[in-house]
**Q** 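What follows is a structure written as structure tokens; I'll ask about it next.
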Amino acid sequence: MQRFKAVFSINPASLTLATIVLVLCLFFFGTAIIDTVELKIYDLRFLSRGALPASPAVVLALIDEKSLGTEGRWPWPRSKLATLVDRLTQDGARVIGFDIGFLEPDTHPQDDLALAKALQQSSAAIVLGYFFHMSDTARHYRMEPQDIDQQLKRIYPSKYPFILYQDPAIEARVFLRAQAPQSNLAVLTDSAASSGYFDLRLDQDGVVRWMPLMIQSGEELFPPLSVLCAWHYLGKPQLTVEVGRYGVEGLRMGARFIPTDEQGQLLINYLVPPPRFPQVSIADILRDNVPRGTFTDKIVLIGATATGIYDLRSTPTSPAYPGVAIHATVIDNVLTQRFLTRPRWSWIYDVLAIVVLATLMGIALPRLGVLKGLGLCLGLGLVTLALGSWLFSHAGVWFTLVHPLLALSSNYLGLSFNMMAQQLRQAFRHLQASERKYRLLFEDSNDAIFVTTLTGELVDMNPAGCRLFGLGPEALTSVKLDDLYVHPADHHTFHQGLAQHGAVTDLEVQFWKCDGTPFEALVSATLHHDTHGAVVGYQGLIRDITLYKQHERLRTENLRMGAELDIVRRLQQMILPTADELQAIPQLDISGYMAPADEVGGDYYDVL
């Protein structure tokens, strides 16, 4: 039983264990607030890391405010986009990707045919963008099965050609699934080299941190716009999705490997600040105001940044980041092989960090105390932040920081409160012991102990004092100690000593008892202060010295009588002859005796 109480009692070991268990539960089961804080700390790591150079292979052709001002409001006639494709092709673009969709026919059918012709005749690889309906609730209308099949057939040539499974049992449950694609017009899709979706994944706080590199619709797996642009740029190497025992391992593009999470999502490595890619207004391209060679051997992404065309996203580096720049960033990550990862084993590091930090604080704080422990807590927290930032910047690895810091700070606070509570309990026990000792001294003292106000009213008096003055408990508050002095001068001397020195020691005075009997006493007193330091009265001790004074008077009388007897003896000895004098008288025979007298005055002698 004692061992059970020791294990489950509140002590540093049990508090540390409870903190570790609680934080691990929050870590594995997740909470929205803590997860959001972790995401925000993740975003700050981009700022602490600083900017990275962008790949020179990507150029953005933008529908910006200038383009809308010169070419008219969006959407433009598709013949104008055909001219744009021709201009980019003439300047030697290697890949042209559209971060816009051509989902409905143009009001002028000949414009669709003009754009289809430009796409078909371009020497650049044309990649059109489309999107997926991820669920039935995402659509405002119901697509018939034959319509879904028709949409899937359009994008079927752009599916992933190879999927390599380490464990075939995992095949049907690892990928993000979509209900149906919303592809481009058939005439445009057939004229382009490939079609890739431009769907983005939003985290719980609405920020784009991940790019899904594969989405399953029907029985097939489809790639995004960014992957297909990079694939064409690199010469269309073999493209394989690798699926491991616990989910997607990544995407292999020839000799390049793109790591993903278990669902095939890439953690986007933003370059900071946004965007860092060359940007050209489409208005300048259409008017030939761009230097020759600007797009030669480049991946040109066509997208919108104008405020009137909603394609601005919240990212870790900016609250309004162009969607086309996000796709450009993914292409940059693939080409430069600069990836951010959250390894599957990262949870082991996170758990160890939680356990180690909480345990270190649990061991050190009871030995260091609260203030020094606070310094250690801050130091360990800074080291954890620095290590997490360094691993993010130099190794491209995302480890959790919030949960280890939560374990560290929570254990510090819990242990500190426990230590303070123990100190308060110990102080309270000491206070109770002191109060008992004081009460014992107060109750059992043979001397009178009193507390009065400044005007002399009795506030409290111990039983010995009540017996000495003959007071009952009910009479205490109705008696003024100042009125019990026999001699007013004693009262004046008492108050004068307190006023001048703050204390009076062994002042000999006379008091009246309640029955009118005087007695002699020694008074010692000090000033009584309240909690704010103000003088509110006096407190002290009265010792009855009546018997002592009587004994002192008897001793003085005895000394006086002894002195008188001694003087008489000496006078008698001076009057009577000595023995030598008597022997010197011849023929004198004296016989006599001496007896003490009964009263003071000398001895009585008989001489015979």
Side-chain angles (χ1 to χ4, degrees), residues 61 63 74-86 88-89 93 95-136 138-161 177-200 212 214-229 231-232 236 239 299-304 309 311 323-324 327:
I63 306 170
W74 183 262
W76 296 334
R78 287 179 183 158
S79 58
K80 187 170 296 187
L81 295 176
T83 303
L84 174 64
V85 172
D86 291 339
L88 295 175
T89 301
V95 179
I96 301 174
F98 281 88
D99 185 30
I100 53 179
F102 306 104
L103 311 179
E104 298 177 353
D106 195 289
T107 54
H108 300 88
Q110 65 273 16
D111 289 346
D112 287 332
L113 296 176
L115 178 57
K117 182 179 179 180
L119 298 180
Q120 192 172 21
Q121 293 180 350
S122 175
S123 59
I126 306 296
V127 182
L128 297 182
Y130 65 93
F131 68 91
F132 277 106
H133 297 287
M134 300 306 293
S135 64
D136 288 330
R139 300 195 304 268
H140 299 289
Y141 62 94
R142 183 177 181 274
M143 292 183 68
E144 298 296 332
Q146 59 269 23
D147 295 333
I148 296 176
D149 292 339
Q150 183 181 10
Q151 294 287 336
L152 287 173
K153 286 179 181 178
R154 291 182 188 175
I155 62 173
Y156 180 83
S158 298
K159 70 180 181 66
Y160 278 111
R177 296 188 62 88
Q179 291 296 111
Q182 188 69 52
S183 63
N184 297 282
L185 296 176
V187 64
L188 300 179
T189 302
D190 295 339
S191 300
S194 298
S195 294
Y197 60 83
F198 44 65
D199 297 75
L200 300 171
M214 53 204 71
I215 293 179
Q216 184 177 6
S217 187
E219 299 299 324
E220 304 299 338
L221 200 62
F222 297 94
L225 171 70
S226 52
V227 167
L228 289 175
C229 287
W231 180 62
H232 281 285
K236 299 194 290 186
L239 199 58
I299 300 174
V300 182
L301 288 181
I302 300 173
I309 306 173
D311 193 29
V324 64
H327 297 291

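For the single chain, residues carry numbers from 1 onward in sequence order. Reckoned from all heavy atoms, side chains included, excluding hydrogens, waters and symmetry mates.
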**Q** Does Ile302 form a side chain to side chain contact (heavy atoms under 4.5 Å, CB included) with Leu84? I'd like the steps, not just the answer.
**A** CA-CA 10 Å; Ile302 300 173; Leu84 174 64; 3.6 Å; yes
**Q** Where do Leu103 and Leu185 land on the side chain to side chain contact (heavy atoms under 4.5 Å, CB included) test, with the steps shown first?
**A** CA-CA 6 Å; Leu103 311 179; Leu185 296 176; over 6 Å; no
**Q** By side chain to side chain contact (heavy atoms under 4.5 Å, CB included), which residues pair with Ser194, not counting sequence neighbours?
**A** Val127, Ser158, Leu228, Trp231, His232
**Q** Would you name the heavy atoms of Leu188 and Leu128 that are closest together and state the gap between them?
**A** O-CD1, 3.5 Å
**Q** Output all residues satisfying side-chain hydrogen bond (donor to acceptor under 3.5 Å, both in side chains) with Ser195, sequence neighbours left out; order by chain, then residue number.
**A** none
**Q** Please report the interatomic distance OG(Ser226) to CD1(Ile299), rounded to the nearest 0.5 Å.
**A** 10.0 Å
**Q** Could you grab the distance from atom CG of Asp99 to atom NE2 of His327, nearest 0.5 Å is fine?
**A** 4.0 Å
**Q** Give a yes or no on this: more than 12 heavy atoms of other residues, nucleotides or ligands lie within 6.0 Å of atom CD of Gln146.
**A** yes
**Q** Could you report the tightest heavy-atom contact between Val300 and Ala61, atom names first, then the distance?
**A** CG1-CB, 3.9 Å
**Q** By side chain to side chain contact (heavy atoms under 4.5 Å, CB included), which residues pair with Gln120, not counting sequence neighbours?
**A** Ser191
**Q** I'd like to know if the side chain of Asp199 and the backbone of Pro212 have a donor-acceptor N/O pair within less than 3.5 Å.
**A** no
**Q** What are the two closest non-hydrogen atoms of Ile215 and Ala178, and how far apart are they?
**A** CG2-CB, 3.7 Å
**Q** How would you list all residue pairs meeting salt bridge (charged side-chain N to carboxylate O under 4.0 Å, His left out) that involve residues 101-113, not counting sequence neighbours?
**A** Arg78-Asp112
**Q** Is there side-chain contact between Tyr197 and Ile155, with heavy atoms separated by less than 4.5 Å?
**A** no
**Q** Apply ring pair (Phe, Tyr, Trp, His ring centres under 6.0 Å) to Tyr130 and list each qualifying residue two or more places apart in sequence or on a separate chain.
**A** Phe132
**Q** Is there a donor-acceptor contact under 3.5 Å from the side chain of Gln182 to the main chain of Phe131?
**A** no
**Q** Determine whether Met134 and Gln179 satisfy the following criterion, side chain to side chain contact (heavy atoms under 4.5 Å, CB included), listing intermediate values before the conclusion.
**A** CA-CA 5 Å; Met134 300 306 293; Gln179 291 296 111; over 6 Å; no
**Q** Any chance you could measure Ser217, atom OG, to Gln151, atom CD, to the nearest 0.5 Å?
**A** 10.0 Å
**Q** Got a sec, which residues hit ring pair (Phe, Tyr, Trp, His ring centres under 6.0 Å) with Phe102, two or more places apart in sequence or on another chain?
**A** Phe98
**Q** Checking Leu221 now: which residues fulfil side chain to side chain contact (heavy atoms under 4.5 Å, CB included) with it, not counting sequence neighbours?
**A** Tyr160, Ile163, Phe175, Met214, Gln216, Val241
**Q** Can you check side chain to side chain contact (heavy atoms under 4.5 Å, CB included) on Phe222 and Val227, steps first, answer last?
**A** CA-CA 10 Å; Phe222 297 94; Val227 167; over 6 Å; no
**Q** Mind listing the closest non-hydrogen atom pair of Leu81 and Leu115 along with its distance?
**A** C-CD1, 4.0 Å
**Q** Would you list the pairs meeting salt bridge (charged side-chain N to carboxylate O under 4.0 Å, His left out) in which at least one residue belongs to residues 116-134, sequence neighbours left out?
**A** none
**Q** Which residues satisfy the salt bridge (Lys or Arg N to Asp or Glu O under 4.0 Å) test with Lys236, sequence neighbours excluded?
**A** none
**Q** State which residues pass side chain to side chain contact (heavy atoms under 4.5 Å, CB included) with Ser122; sequence neighbours excluded, sorted by chain then number.
**A** Val85, Thr89, Ile96, Ala124, Ile126
**Q** Return the minimal non-hydrogen interatomic distance between Lys159 and Glu220, and the atom names on each side.
**A** CD-OE1, 3.2 Å
**Q** Kindly give the heavy-atom pair with the smallest separation between Lys153 and Pro157, and that separation in Å.
**A** O-CD, 3.7 Å
